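Inspection log for the structure reproduced underneath, given as C-alpha cells.
Values in this document were obtained by computation on a predicted structure and should not be read as measured data. Computed from heavy atoms alone, side chains included, the values below leave out hydrogens, waters and symmetry copies. In each ligand, atom 1 is the first atom listed, and ligand 1 is the first ligand listed.
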Amino acid sequence: MLSKQQEEILQEFDGANKSNWSDWKWQVKHCIKDIKQIENVLGIKLSEKIHQQFSLISEKFPMAITPYYLSLVDTDNLENDPIFKQSFPVINELDVLQTDMADPLHEDKDSPVEGVTHRYPDRALLLVSNTCSMYCRHCTRKRRVGDQDSIPNRKQILKGIEYIQNTQQIRDVLLSGGDPFLLSDEYLDWILTELNDIEHVEVIRIGTRTPVVLPQRITDNLVKMLKKHHPIWINTHYNHPRELTNSSRNALKKLADAGIPLGNQSVLLAGINDCPRIMKSLVNKLVANRVRPYYLYQCDLSEGLSHFRTPVGMGIEILESLIGHTSGFCVPTYVIDAPGGGGKIPVMPNYLISWSTNKVVLRNYEGVITTYKEPDSYKPTYCNMNCDNCDLLLATNDADERKAIGIEMLLSDHNESISLIPSGNDRYNRRDN
Ligand SMILES: *Cc1c(COP(=O)(O)O)cnc(C)c1O
C-alpha cells in the first residue's frame, strides 16, 4: 500500500506504476539528485537563495535521495523534518572548522591494502561498494561521496580477501562501503562465499542503511542467499523513530526471520535526534522490531558536519535517560570514534561515586545512593597465564597465546610494565640520554 504522498511522487516519473515503487533497482535509478526535481516531486517551492546555495554545496557534496525516503518527508514542517535534514544539503556543510578533517578516523592510514581497514586485533573492515542509494548529509566518509559511484571489481576485492586470508587473527569481517546491499545478490553471494571459505573467519557483519532508506532491497531472494552464509550479523542505521515505517519494519522482519541478528548504529545529530525522548522512542521501537541498539555515535570530526555536532554532554544525558529507565537491551553504547584512528571509545554517565578499602558507593538511575560491601577476604589468583596449572578451568586452547595490551596489560600479573608512556615524552627522553 502506497501513501498518498508516495502515489503523488510516483506520478512525477513518466510511465511509472505501483510495481516500480517496490523494485529497488527502480528506486536507485530514480534517485533524486537535483533541487528542481525535489520541488516537483514534493510539490513545494524553495527560495532563490536555497537554489543558489544548493548549486554551491552539491559541487562539493552531491545529493541523492531515494524516492521512498523522500516520500517520508513532512512538507508542512520542512525546516525541522528529520528526514529532510538527513538528505537535503544546507550551506553549513561548506563551513570547515580548523579542527575538521577529511579522514578523522584515519581509515585510509590504517589500511594495509586498498579497501581494508585493519584497526582492531581480531576484526577488519572490508569496503566492498563505493556507492549508496542515498547520500546521508552526516556521512563520516563524506570525502568520498559521489567520488565515483563504482563497484570495485572482483580483482580489487580479491586483494582484500587475500589480506584477510593471510591474517590469521581476523575472526570477524565487517562488510561496509558504501552500502554492500547495493551490490547484486550474485556478487554479494560470491564475496560471502570467499570469506566463508577462510577458516579463521568466524562471523561476517554487514553494515547497511537499506532497511531505512531503501527497504525494497530486502527481497526474498537476498534473504535466502544471506541465510546460506550464517553466521551473518547485520547492523543498520536508524536515527529517528519516524524512519520505522511499515515497509521498513517489514524489511527488518524478513531479516530477523532469517535468523540474522540485527543491530543499529545511530549518530547523534543536532536538530534531528538530540533529545532523550526521541531517542527513547527510537530504541524502544527498534527493539519491538527485533533490532538491538548497538552504538550511539558522537558525530565525528569529518569536514562538513559541524552543524550536526552536539556537545558530548548531550549523549551522556540521553544515556542517563535510558539506563535503568528502559530495558537493558534498549540501551546502546555511546561512543566517540577517536580522531587519529584510536577506535571507538565508550563514554558513560558515572555510577561509581566513591570507594574505600572494603566498600564502594554507587548511585542508581533514580539518584538513590547505595553502598556495596566488598568481600573481606578475597584471595586473588596470581595469573602467570599458565592455564594448565590454574584452579579455574579456563583451559581453552588459545588462552596461552593471548597477549595483553594497553590498560589490560597494566592490570595483569604476568606483565611487569607499570606505566604506558606516550612516545616523545620529554621526561622519559631525558632519561634515555
Ligand atoms: C567500528 C569498527 C570496527 C568494529 O568495531 P566493533 O566495536 O567490534 O563493532 C572494526 N573496524 C573498524 C575500522 C571500525 O571502525
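Salt-bridge check for R309 with D300: failed, with every basic side-chain N at 4.0 Å or more from each acidic carboxylate O. In summary, R141 and D103 do not engage in a salt bridge, as defined by a charged side-chain N under 4.0 Å from a carboxylate O. Ion pair E93/K60 not flagged as a salt bridge, since none of the NZ, NE, NH1 or NH2 atoms sits closer than 4.0 Å to an Asp/Glu carboxylate oxygen. Using a 4.0 Å cut-off between charged side-chain N and carboxylate O, R363 and E320 make a salt bridge.
Note: an N/O pair closer than 3.5 Å links R205 and ligand 1 by distance alone.
The protein non-hydrogen atom at the shortest distance from atom 8 (O) of ligand 1 is R123 NE, 2.6 Å. Atom 12 (C) of ligand 1 has its closest protein heavy atom at Y120 CE1, 4.1 Å. The protein heavy-atom contact nearest to atom 9 (O) of ligand 1 is Y294 OH, 2.6 Å. If you check which protein heavy atom lies closest to atom 7 (O) of ligand 1, you get Y295 OH, 2.5 Å.
Close approach of ligand 1 to T117 (heavy-atom distance below 4.0 Å) involves ligand atoms 13 (C).
When heavy-atom distances to ligand 1 are checked against a 4.0 Å cut-off, L174 comes that close only through its side chain, counted from C-beta outward.
The number of heavy-atom neighbours closer than 6.0 Å to CD1 of I418, taken from other residues, nucleotides and ligands shown, is 12 or below.
For atom 15 (O) of ligand 1, the candidate residues are H106, K344, E107; the nearest heavy-atom contact is made by K344.
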Practice task
Could you give me the CA-CA distance, side-chain angles and deciding distance for D81 and R242, then say whether salt bridge (charged side-chain N to carboxylate O under 4.0 Å, His left out) is met?
Solution key: CA-CA 10 Å; D81 187 82; R242 279 256 310 279; 2.8 Å; yes
